[in-house]
2 protein chains.
Amino acid sequence: MPTIKDVARKAGVSVGTVSRVLSKNESVKQPLKERVLAAMKELDYKPNLAARALRTNSIDVIGLVVPDITNPFFSQLAKNIEMEAAKRGHSVMLANSHDDAEAEQTQIAALLDRAVCGVIVVATSDGGQTHKADVPIVSLDRRFGPYPLVATDHFDGSAKIADHLVGLGHRRIAYIAGPQSMEVARQRREGFVARIKALSTPEDPITLTVHEGHFDYDSGEDIGRSILKDTSQETRPTAIAAASDQQAIGVLRCARDLKIAIPADLSVTGFDDIALAALVVPRLTTLRQPIEQLAGSAVARIFAGEAAADEAIAGEIVVRESTGNIPNS
Amino acid sequence: MPTIKDVARKAGVSVGTVSRVLSKNESVKQPLKERVLAAMKELDYKPNLAARALRTNSIDVIGLVVPDITNPFFSQLAKNIEMEAAKRGHSVMLANSHDDAEAEQTQIAALLDRAVCGVIVVATSDGGQTHKADVPIVSLDRRFGPYPLVATDHFDGSAKIADHLVGLGHRRIAYIAGPQSMEVARQRREGFVARIKALSTPEDPITLTVHEGHFDYDSGEDIGRSILKDTSQETRPTAIAAASDQQAIGVLRCARDLKIAIPADLSVTGFDDIALAALVVPRLTTLRQPIEQLAGSAVARIFAGEAAADEAIAGEIVVRESTGNIPNS
DNA sequence: CTGAAAGCGCTTACAG
DNA sequence: CTGAAAGCGCTTACAG
């Protein structure tokens, strides 16, 4: 492997000059610059990144720690972060915390040891220690320690779902919430409840029941079943809004078991817009999280280098087949 | 950040000695060693990895390039590779090739530039250039260039599926293959066809039709529809084996549309055992790829440091609800 | 077994 | 605008 010295010799300049054309910003005069560039090309020179890292104490690598890369939402995030990073010539180092706060600490520390230029963490849970790092750390999707959070505007997203359902004529609605120990679950619920309250009037009241569960399929199926065991069309909810697509898909399953037609007899909504949402039968109406923007903003913050305020990015409702007008009764 | 020098001073030894206890292998006498260890702990010393990398020209990082981390199979692989690497104190640098051979080249080169200690590549397609690297490169799942391949034994896996179906009494079987330009698709088809041929006898003949498609949902749905448009129970296949779970799930969809009961009227099998396979209704019988072993073997090869032969790891059939005895007729 | 010293390949004040 | 030189924090022959 040729070094900067070889290039300098071949171009007949000093290594300092070569280094300066490498970093572009310095003003090396045109003729010299060209000689250097030519020498680099001829030698097929590639800078030794480790040497550069030693000097500058930072490498063109962004650290990313997610609870589980196998979760489709996180892998989407990872993909977009990797693309954003690549655009700027950076790589990403990936770590899984396996939903374990301790492992999360270890992983972040390991990343920091490697002198990454910043780390993006999707926290295992709300909380998280402070790290003594002189590079930016940003929380994505789920708040981590004292670091600024980039996330979907869950409150607003849920409100959009509420608008959609009420607009369709639904007046008896059930909401399946996520675990209220999680900030995101609380925000989604609060956004939904608040909008329903605002829309409900004495002349045209809306009945809302809230059921807390986990974010997964089974939880949706179980809670859905308990909601739908009321077989009276007169009193049973005409719409179920779930705090996650997985829950909503669980509801779809149990509705099928119960021979309840969707959306004819019941409207169902999710939240996230995972890939499966568009594949399931019927296709799920949901709120799409703005993954590209989330990734873009998180990466931008790493490059901005300085802490900034939290950012809530609005999602978009995508209306598919699982919602429809209130059943005639 | 304290450096090795600070530790040396505090322990009253030379930096060489500190370095030697750091690398463990050298024989530093017990009393000295303890003083050094104590000094390191007291100072909360952490080695500067960039400096080490500069000297040794390699870092404790494995490069991984996948076509698309969003693909559940690849994300499973990534997760397991990351875990294996972590066990040995290594991190992984992740890159997506976006199914583009050129991007793949670029990504591998970038990883190599970063002096990773090896790279694992899940190729975009068969083919792939040779890289001039002095670290191990191994192909995983899909063959990349001249590098040794670690993959599921697709041939054997398909044969297991064939055994299962024939054992259930099926004698009219359709096979949906993947694109025959891909080695894995060919192996799966060949394994299936060969076993069926071996099992078919003049007294008890098996009819097999093969249909080539892509590996995705839509392809499965389309081909399934064309197979099942023959509505005669007498001549229509009683089982469809697909070369991927996605195809099989597509078949499930179209069977539902066509009001064909599974497994009462038709058995369906997939290949891969993606998470969705266990979620779909009815749950899919499929061949589970040995992801942990694949990841483990790939990582082990990086550490072994030397090229080795290809390795085919046997998968395991997982029987669920989508297969059953041949319909009585 | 331990120390002194060279050197990995860069970047960056400091001169000129 | 360019060069000479110091130094980033390690590792590793080389002596002793």
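Below, read A as the first sequence line, B as the second, and so on, with proteins coming before strands; counting in each chain starts at 1. All values reported here derive from a predicted model rather than from experimental measurement.
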- Note on the structure: Nearest heavy-atom approach of B:Ser297 to B:Ile313 is CB-CD1, 4.2 Å
- Note on the structure: For A:Ala185 and A:Pro179, the nearest pair of non-hydrogen atoms, with its separation, is CB-O, 3.1 Å
Side chain of [X]: nearest nucleotide among [options]?
X	options	result
B:Ser14	C:dG3, C:dT11, C:dC10	C:dG3
B:Leu22	D:dT11, D:dG9, D:dA5	D:dT11
B:Arg52	D:dC10, C:dA4, C:dG9	D:dC10
A:Tyr45	D:dG9, C:dC10, C:dA5	C:dC10
A:Lys29	C:dT11, C:dC1, D:dT2	D:dT2

Can you tell me the distance, in whole Å, between the [atom1] atom of [X] and the [atom2] atom of [N]?
X	N	atom1	atom2	answer
A:Lys5	C:dG9	NZ	C1'	8 Å
A:Asn57	C:dC10	CG	C1'	13 Å
A:Arg55	D:dG9	CZ	P	10 Å
A:Arg35	D:dC1	CZ	C1'	13 Å
A:Ile59	C:dC10	CD1	P	16 Å
A:Leu43	C:dG9	CG	C1'	15 Å
B:Asp6	D:dC8	CG	P	11 Å
B:Arg114	C:dG9	CZ	P	18 Å

- Task: Using Watson-Crick or G-U wobble geometry with both distances below 3.5 Å, tell me the partner of C:dC14, or none.
- Result: D:dG3
- Is the shortest side-chain N/O distance from B:Arg20 to OP1 or OP2 of C:dC1 below 4.0 Å? no
- Message: Looking at A:Asp272 and A:Ile274, would you say the former's side chain and the latter's main chain have a donor-acceptor pair under 3.5 Å?
- Response: no
- Side-chain donor or acceptor of A:Gln107 paired with backbone N/O of A:Asn96 under 3.5 Å: yes
- Query: Would you call B:Asp60 and B:Arg52 a salt bridge, taking side-chain N to carboxylate O under 4.0 Å as the test?
  - Reply: no
- Item | Ion pair check, A:Lys87 and A:Glu84, cut-off under 4.0 Å | yes
Touch check for [X], heavy atoms < 4.0 angstrom, all strands: base, sugar-phosphate only, or nothing?
X	result
B:Val13	sugar-phosphate
B:Leu49	nothing
A:Thr3	sugar-phosphate

- Item | 5' precedence on DNA chain C between A:Met1 and A:Gly16 (nearest-nucleotide basis) | A:Met1
- Note on the structure: Of B:Val18 and A:Pro31, the one whose nearest nucleotide on DNA chain D sits closer to the 5' end is A:Pro31
- Toward the 5' end of DNA chain D, which comes first, B:Asn48 or B:Thr17, by nearest nucleotide? B:Asn48
